[in-house]
Amino acid sequence: MPELPEVEILARHLRPLLCGKTIRGVDVRREKVLRLTSLKKFRQTLLGAKFADLSRRGKYLLFTLHAKRSGKKIPLLGHLGMTGRMFLAPKNLPLPKHAAVIFDLGAMNFIYEDFRYFGRMTLDVSPLENLGLEPLEQHFSAKVLAANLQRSRQPIKVKLLDQTVVAGVGNIYASEALFRAGISPKLAANKLTLAQTKKLWRAIRDVLNEAIKFGSTVQLKFADGKSDGLFYFGRAETTPDFYEERLRVYDRAGKPCLNCKSEIKRLTQAARSTFYCPRCQKT
Ligand SMILES: [Zn+2]
């Protein structure tokens, strides 16, 4: 499932491709992904509008368009859910089977494809209201993180997945950050010492920044319709060394810890898998 770094890379990739392009046609094949916007409103608002900007907030893509006649700003929110992909493809290529929304941009289509349809492409931007701090921005300090954690007795790993605390961190990078910080995923959020919170703050920024840097070196090839939409998740199968180098604990249960050679363990927290080293992450 795509997290902050993957969405950031996608936003950087799509921004120059989309900006300045006008939507000439709106084809919605899975109305579910528009919720809570009606199909009629979606079409009426976006037809003839021009892409002006694209940014990321948490795991969301926030497109800004200018309306056809008035030039009024239109915010359009995208989310990849579990299995979504967003890419441009030449119009002469057959559409993917699970295309949910297709914007006709002239020579190219901008396609949102999602075979489970858990993602979004909507004019409803209310989900942004509840998002927590952006971990890579300056206002995200160790002090602010500490204040947020103090109010919770949930295990720290579970708390990190709460998007109202830190926006964009998901299952992979929560496990990775806790490993780097040497903190047990089971430790209650309000039991972290100030020193641990500082380590965690640093680790969150490091794992996300490294993932963005790493992902940015991988060439994105969406247009042939064959390569994996989320770049390096797909590459993992073909280049396992590359993958292991990047993720130190995630999905490595039973393998030796890269620090101490102990066996990496998997545990289930809030119905999600957590990976950790019992020796490096004792407390
Ligand atoms: Zn270890």
- Message: If the threshold is 4.0 Å, N to carboxylate O, is there a salt bridge linking Arg180 and Glu176?
- Response: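 Not counted as a salt bridge, because no side-chain N and carboxylate O are separated by less than 4.0 Å.
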
Assign the ring pair Phe115 / His98 to parallel, tilted or perpendicular, where the plane angle (0 to 90°) is split at 30° and 60°.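 Phe115 and His98: tilted rings.
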
Are [X] and [Y] side-chain neighbours, meaning at least one heavy-atom pair lies under 4.5 Å?
{"X": "Leu136", "Y": "Asn209", "answer": "yes"}
{"X": "Val7", "Y": "Leu61", "answer": "yes"}
{"X": "Tyr173", "Y": "Pro135", "answer": "no"}
{"X": "Asp53", "Y": "Leu62", "answer": "no"}
{"X": "Lys68", "Y": "Leu47", "answer": "no"}
{"X": "Lys186", "Y": "Gln269", "answer": "yes"}

>> Show, in sequence, the C-alpha distance, side-chain angles and deciding distance for Ile264 and Cys257, and conclude whether the side chain to side chain contact (heavy atoms under 4.5 Å, CB included) test is met.
In response: CA-CA 6 Å; Ile264 299 294; Cys257 169; 3.8 Å; yes

Working to the nearest 0.5 angstrom, can you tell me the gap between Ile23 CD1 and Ile74 CD1?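 The distance works out to 7.5 Å.
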
I'd like to know if [Y] and [X] are part of one continuous hydrophobic network [Ile/Leu/Val/Met/Phe/Trp/Tyr, side-chain heavy atoms within less than 4.5 Å].
{"X": "Val207", "Y": "Phe140", "value": "yes"}
{"X": "Leu10", "Y": "Leu105", "value": "yes"}
{"X": "Val33", "Y": "Phe42", "value": "yes"}
{"X": "Leu208", "Y": "Tyr60", "value": "no"}

Just by distance, no angles: are the side chains of Arg266 and Ser273 close enough, under 3.5 Å, to form a donor-acceptor pair?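 A pair is found: one side chain offers a donor N or O, the other an acceptor, under 3.5 Å apart.
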
Exercise. What about the rings of Phe63 and Phe110, do their centers lie closer together than 6.0 Å?
Worked result: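 Centroid distance Phe63-Phe110: below 6.0 Å, so yes.
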
